[in-house]
Peer 1: 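This is the structure, below, for whatever I ask next.
Here the structure is a predicted model, which is why all the values come from computation and not from measurement. Just so we're on the same page: letters track the sequence lines, and every chain starts at 1.
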Amino acid sequence: MKYNHKKVESKWHKKWVLEKVYEPDLKNAKNSYYNLMMFPYPSAEGLHVGNMYAFVGSDIHGRFKRMQGFNVFEPIGLDGFGIHSENYALKIGEHPMDQARVSEKNFYRQLQMIGNGFAWNEKLETYDPEYYKWTQWIFIQLYKKGLAYRKKSAVNWCPSCLTVLADEQVISGECERCNTKVIKKELEQWFFRITKYADKLLKGLDKIDWSEKVKIAQRNWIGKSEGASIKFSLVDVTGQKNGKHFVEVFTTRPDTIFGVTFVAISPEKAKFWLDIGWQAGEEVKSYITKALSERVAKDQNQDKDKSGIFSGILAVNPANNEKIPVWISDYILAGYGTGAVMGVPAHDERDFEFAKKFELAISDASLVSIEEGIKKSGGKKTVQFRLRDWLISRQRYWGAPIPMIHCEKCGWQTVPEKDLPVRLPYIKNFRPTGTSESPLAANENFYKVKCPKCEGVARRETDVSDTFLDSAWYYLGYLMLGNKKSLLRRGYAGQAKNKKFYFDGGLVKKWCPVNMYIGGAEHSVLHLLYVRFLAMVFKDLRLTNFGEPFKKFRAHGLLIKDGAKMSKSKGNVINPDEYIKNYGADVLRMYLMFLGPFDQGGDFRDGGIKGITRFLDRVWKIANSDKRSHYAKASRDGQGTSEELNKKIHKTIKKVTEDIENLNYNTSISALMVLLNEFEANMESVGKNELEIFTKLLAPFAPHMSEEVWREILKNKKSIHIAPWPKFDSKLIKDAEVDVVVQVNAKMRAVIKLPAGASQKDVEIAAKNNENISKYLISPIKKVIFIKDKFINFVV
RNA sequence: GCUGGGGUGGCGAAAUUGGUAGACGCACUAGCCUUAGGAGUUAGCGGGGCAACCCAUGGGAGUUCGAGUCUCCCCCCCAGCACCA
C-alpha cells in the first residue's frame with residue numbers, strides 16, 4: 001500500500017479543523033502556552049520557502065509543547081499593510097487594495113498546506129479596518145501621553161519609494177525595502193519618543209531569554225555612552241572674554257581634558273549661533289551654508305573626508321585656562337550629544353585626522369583620572385544614547401492613516417475615538433507622489449474635515465503610519481480579533497473606563513506575555529525593538545500588566561539556495577508549492593529541519609530531499625508490515641520488545657525530547673533515523689507499543705503521516721497531536737555493560753566490554769589481560785587515569 | 001575599524017562540553033534483485049600503508065596523562081553596526 005501524501009494531508013487538514021485540534025479554549029484554558037511566529041508580509045507571488053522554514057521550526061516547538069500537555073495558542077496572520085506589499089502591487093500594476101485580497105487567498109492556501117497547527121479562528125490582517133482601528137487608537141494614546149510629536153528635521157528620504165524612513169530602516173545607507181541610496185530631506189514629520197524608553201529598553205534585555213545576538217544588536221543600537229558634559233567659555237579673537245557665552249561638549253574621555261587642542265562644532269550648531277546673532281565672517285558663513293546643503297544631499301555612505309573652517313572664536317579649556325580655537329566641521333554630528341566635541345588628537349583617531357589635515361596642535365599632555373578630569377573641568381557626568389526617535393509618517397497610500405486633524409485655530413487634534421477607524425479610501429491615484437505628501441493629500445473627500453474642537457474647517461493628516469507600527473502590537477491583536485465578543489469586534493465606545501487594563505477582555509492577561517517567539521534576526525533593531533517599546537508604553541498606560549512582550553525569543557538562521565541568498569532579483573526564490581505537490585509537506589518539513597541547526601539556517605539543495613523521502617517511506621513500510629503486526633498483541637504490554645530494543649527506544653525518547661527543547665531539530669531527526677534502523681533490524685520485536693512511541697516522537701516533524709499511522713493503523717480515536725508525549729525511564733537507559741576505552745600514553749589501544757560500575761582494579765586487570773594492551777605495557781606504569789564506566793589511560 | 005557567529009571527509013553535518021573524531025543523511029563504488037530504474041537491498045566509503053600502525057578538525061605555539069573542545073598569536077568566511085566623540 002503506497003502512501004498517498006496528497007490524500008492523507010488534505011484529509012487531516014479538514015479533520016483537524018473540524019475537531020478543533022489546534023483551537024485552545026482561549027477563555028478557560030489551563031496551562032496556556034502562547035507560541036508565536038513572525039507573521040509574513042504577502043508581498044510576492046506566494047509563500048517563500050524561507051517563511052516555511054521559520055514557521056515549521058516554530059510549529060515543531062508548538063506541537064511538542066501541546067503534546068506535553070500545554071494548551072498551545074499558535075496564531076497566524078498577514079502583515080499585509082505597508083510599503084512592502086504596496087511596492088509589490090505597484091510593480092505588477094495592481095491596486096494595493098485589490099491585490100491584498102488576491103495575496104491573502106493565496107497565502108492562506110499555502111499556509112494551510114505546510115501542515116502547521118495554526119489557530120485559524122484568530123487569524124488577522126493588518127489592513128483590516130477592524131485591526132487598524134486599533135493601530136490608530138494606539139497612535140492617539142501615545143499622542144495624549146506626549147509620546148507622539150511633530151518635528152522638523154533632516155530625515156531619511158528614499159528617492160525610489162518616495163517616502164521618509166526611520167533610522168532603523170536605513171541599512172548601510174540604503175532603503176531597507178529597495179536598496180536605493182537614502183538621502184536627507186528637511187521635513188516636518190510625526191515621531192514616537194522611543195528615546196524616552198532608551199534606558200528601560202536597555203535594562204529590560206537583562207531579564208528576558210532571547211537569542212544573545214539580538215540582545216547585543218539592540219544594545220549596540222541603543223548605544224548608551226557614559227561620559228561628561230563640559231562647558232568651554234568663549235572669547236573672541238581679540239581676546240576679550242565675554243563670560244556669557246560658552247560651548248558645551250560631550251565626551252566619554254574626560255580623562256583627556258589636558259590634551260584638548262581645539263573645539264569643533266557641527267554646521268547645524270553654527271547655523272543656530274548665526275540665527276541668534278553671531279556676526280561671523282563671510283567665509284565662515286558660506287562654509288556653513290555649503291556644509292549644511294551637502295549634509296542634506298549627501299548619501300550616508302559617501303567618503304568620510306573631513307572639511308572644516310576656523311570660526312574666528314577661541315574657547316577656554318576650563319581645566320587649564322588655555323585658549324584654543326573653535327572650528328566648524330562636518331565630521332561633527334548634529335543629532336548626537338551636544339553637537340560639539342573637544343578635540344583631543346592624541347587620543348582620538350578622528351580628532352587626529354582633523355588636526356593633521358588643518359595643522360592643529362597635537363598635545364602629548366598626560367592623562368588624569370576620569371573623576372579628576374570631570375572635577376578639574378567643572379563638568380558633570382552625563383549619559384548619551386545613540387538611539388533616535390522613531391519616525392512614524394510615511395508619504396504613501398497603503399497604510400493606516402494617522403488619526404490626526406489640523407485646525408488653523410486649534411492646532412493639532414486627535415480624531416475622536418468614536419470616529420475610528422479613519423478608513424483608508426479606495427482611490428485611483430494611489431501612486432507615491434514624490435512631493436513629500438501622500439497621495440491622499442490630493443483627495444479632498446478624505447482630508448477635508450471639521451475640527452473636532454471648534455467645528456471649523458480643518459485638514460486631516462494625509463500621511464499614513466509606518467508599517468512597523470502595525471506589527472508592533474499584533475500579538476495582542478490575535479487575542480482581540482478572533483473572539484467575536486472581543487473588545488475589537490464589539491467596538492470600544494465607553495469601554496474600559498473603570499477597567500484596570502484596556503486590552504483586557506481577560507485574554508491578554510491570560511495569554512501574555514508570549515511564551516515563545518520565533519523569527520528572523522534581521523528584525524533585531526526594527527520590529528523587535530519597536531514591539532518592546534510599545535509594550536512598555538502599554539504597561540505605563542495601564543493597558544496591560546507586562547513590560548516585556550516576549551519571554552523567550554529565538555532567531556532562526558537564514559535559508560539560502562546553492563550557497564547564495566534567495567532573492568527575487570536573482571530569480572532563485574523557492575516556492576514550496578511544487579515540493580509539497582511532489583513530495584508532500586511532511587517530507588519538505590523534515591528536509592528543511594534536517595539541513596542543519598535551526599539557528600544556523602541551511603542551504604536548500606534538491607539532492608538531500610531523497611534521504612527524508614526514503615526515511616518516511618520506510619516508516620510507512622514498517623507501520624504496514626506483516627512481520628511487525630504479527631507480534632503486535634504480545635508486545636502491547638512491552639512483552640514483545642527485546643530488552644535491548646527497549647533500551648534504545650528510551651534513549652531515543654530522551655535525546656529527541658532534549659533536542660526539541662533546544663531547537664536542535666536536525667539531531668532529533670537523526671536520532672529517529674537511528675531508531676528506525678534498529679526497528680528494521682529487529683522487526684519481530686516491534687509491536688504496537690513500540691510503533692506508538694516512535695510515531696509520537698515523529699509527530700511534531702511529520703504531522704500528517706504520524707496522524708495517519710496513529711489513527712488508521714494503530715486505531716487510536718483522538719488525534720496524535722494531543723496525545724501525551726512519551727516519557728523515558730532513566731533506569732532503562734543505563735547500560736548493564738559498558739564500553740571502556742583503554743589508552744596507553746593517551747593513544748587509544750582497545751575498547752573492552754565490562755559490566756557497568758567496574759572498579760579501577762577490575763578494569764586494570766581486564767586491560768592487562770588484553771593482548772592489544774599488554775604489549776604496550778612492557779615498561780613500568782608511571783600513572784593511571786581512570787574514569788568509571790568510560791575510560792582508563794596508562795602512562796608509561 | 002568595532003561587535004557577534006563560524007572554519008571538521010567530495011557535500012550537509014555529529015561529537016555526552018577535556019576522554020573511541022566524522023553519528024545521521026546526501027553523493028560515490030561494488031554486489032544482489034529486476035525486462036527496466038532517477039526503485040529496493042547488501043557491503044564499502046577522511047588520507048597513507050599488505051599489515052602492525054601512522055597522519056588528520058584553517059595555520060602556529062602553549063596548558064594537560066589526554067585538545068575539534070581551554071589559553072595566546074595569525075589567516076580566512078558570514079552577519080550586524082559604522083565619523084555616536
Peer 1: Could you list all N or O pairs between the protein and nucleotides 62-64 of chain B that sit under 3.5 Å apart?
Peer 2:
none

Peer 1: Does a distance-only test, which skips hydrogens and angles, find a donor-acceptor pair under 3.5 Å between the side chain of A/K306 and the base of B/rC83?
Peer 2: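 Present.
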Peer 1: With nearest nucleotide decided by heavy atoms, which residue, A/G611 or A/E680, maps closer to the 5′ end of RNA chain B?
Peer 2: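 Nearest nucleotide further toward 5': that of A/G611.
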Peer 1: So what does A/D603 hit on the nucleic acid, given a heavy-atom distance under 4.0 Å: a base, only sugar-phosphate, or nothing?
Peer 2: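 Answer is nothing: A/D603 stays at 4.0 Å or more from every strand.
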Peer 1: Counting the benzene-type ring for Trp, do A/F679 and A/F694 have ring centres under 6.0 Å apart?
Peer 2: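 Aromatic pair counts; centres sit under 6.0 Å.
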Peer 1: Regarding A/K775, tell me which of base, sugar-phosphate or nothing describes its non-hydrogen contacts under 4.0 Å with the strands shown.
Peer 2: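 Counting heavy atoms under 4.0 Å across all strands, the contact made by A/K775 is with sugar-phosphate only.
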Peer 1: For a quick check of understanding: with a heavy-atom distance under 4.0 Å over all strands, which category does A/L333 fall into, base, sugar-phosphate or nothing?
Peer 2: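 Base contact - A/L333 has a heavy atom under 4.0 Å of at least one base atom.
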Peer 1: How long is the line joining CZ of A/R386 and C1' of B/rC83, in whole Å?
Peer 2: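 Taking atom C1' of B/rC83 as the reference, CZ of A/R386 is at 12 Å.
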Peer 1: A/E371 and A/K376: salt bridge (Lys or Arg N to Asp or Glu O under 4.0 Å), yes or no, with the steps?
Peer 2: CA-CA 9 Å; A/E371 293 299 327; A/K376 296 219 163 167; over 6 Å; no
Peer 1: Is the distance between the ring centroids of A/Y579 and A/F604 under 6.0 Å?
Peer 2: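 Yes; A/F604 has its ring centre under 6.0 Å from that of A/Y579.
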Peer 1: Choosing from B/rG19, B/rC24, B/rA39, which nucleotide comes nearest the side chain of A/R614?
Peer 2: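 It is B/rA39.
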Peer 1: Please work out if A/D351 contacts a base, only the sugar-phosphate, or nothing of the nucleic acid, heavy-atom cut-off 4.0 Å.
Peer 2: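 Counting heavy atoms under 4.0 Å across all strands, no contact is made by A/D351.
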Peer 1: Angle class for the A/Y331/A/F354 ring planes (parallel below 30°, perpendicular above 60°, tilted otherwise)?
Peer 2: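 Tilted.
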Peer 1: Select base, sugar-phosphate, or nothing to describe what A/V741 touches, counting heavy atoms under 4.0 Å on all strands.
Peer 2: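 Answer is base: heavy atoms of A/V741 come under 4.0 Å of a base.
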Peer 1: Syn or anti for B/rU57, please, going by whether the chi angle lies within 90° of 0.
Peer 2: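 Anti conformation here, the glycosidic angle of B/rU57 being more than 90° from 0.
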Peer 1: What would the secondary structure line of RNA chain B be in dot-bracket form, counting Watson-Crick and G-U wobble pairs under 3.5 Å, with [ ] for pairs that cross earlier ones and | for pairs with another strand?
Peer 2: (((((((..(((......[....))).(((((.......))))).(((....)))..(((((..]....))))))))))))....
Peer 1: For residues A/W327 and A/F262, establish whether the separation of their ring centroids is below 6.0 Å.
Peer 2: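 Ring-ring flag for A/W327/A/F262: false, centres at least 6.0 Å apart.
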Peer 1: Quick one: sort the A/F598 and A/H556 rings into parallel, tilted or perpendicular, breaks at 30° and 60°.
Peer 2: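 Geometry flag for A/H556 against A/F598: tilted rings.
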Peer 1: Does OP1 or OP2 of B/rG66 have a side-chain N or O of A/N745 closer than 4.0 Å?
Peer 2: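 Answer no for this pair, as no side-chain N or O of A/N745 is under 4.0 Å from OP1 or OP2.
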Peer 1: Report which part of the nucleic acid A/Y776 touches: base, sugar-phosphate, or nothing (heavy-atom distance under 4.0 Å, all strands).
Peer 2: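 The answer is sugar-phosphate, as A/Y776 gets under 4.0 Å only of primed atoms, P, OP1 or OP2.
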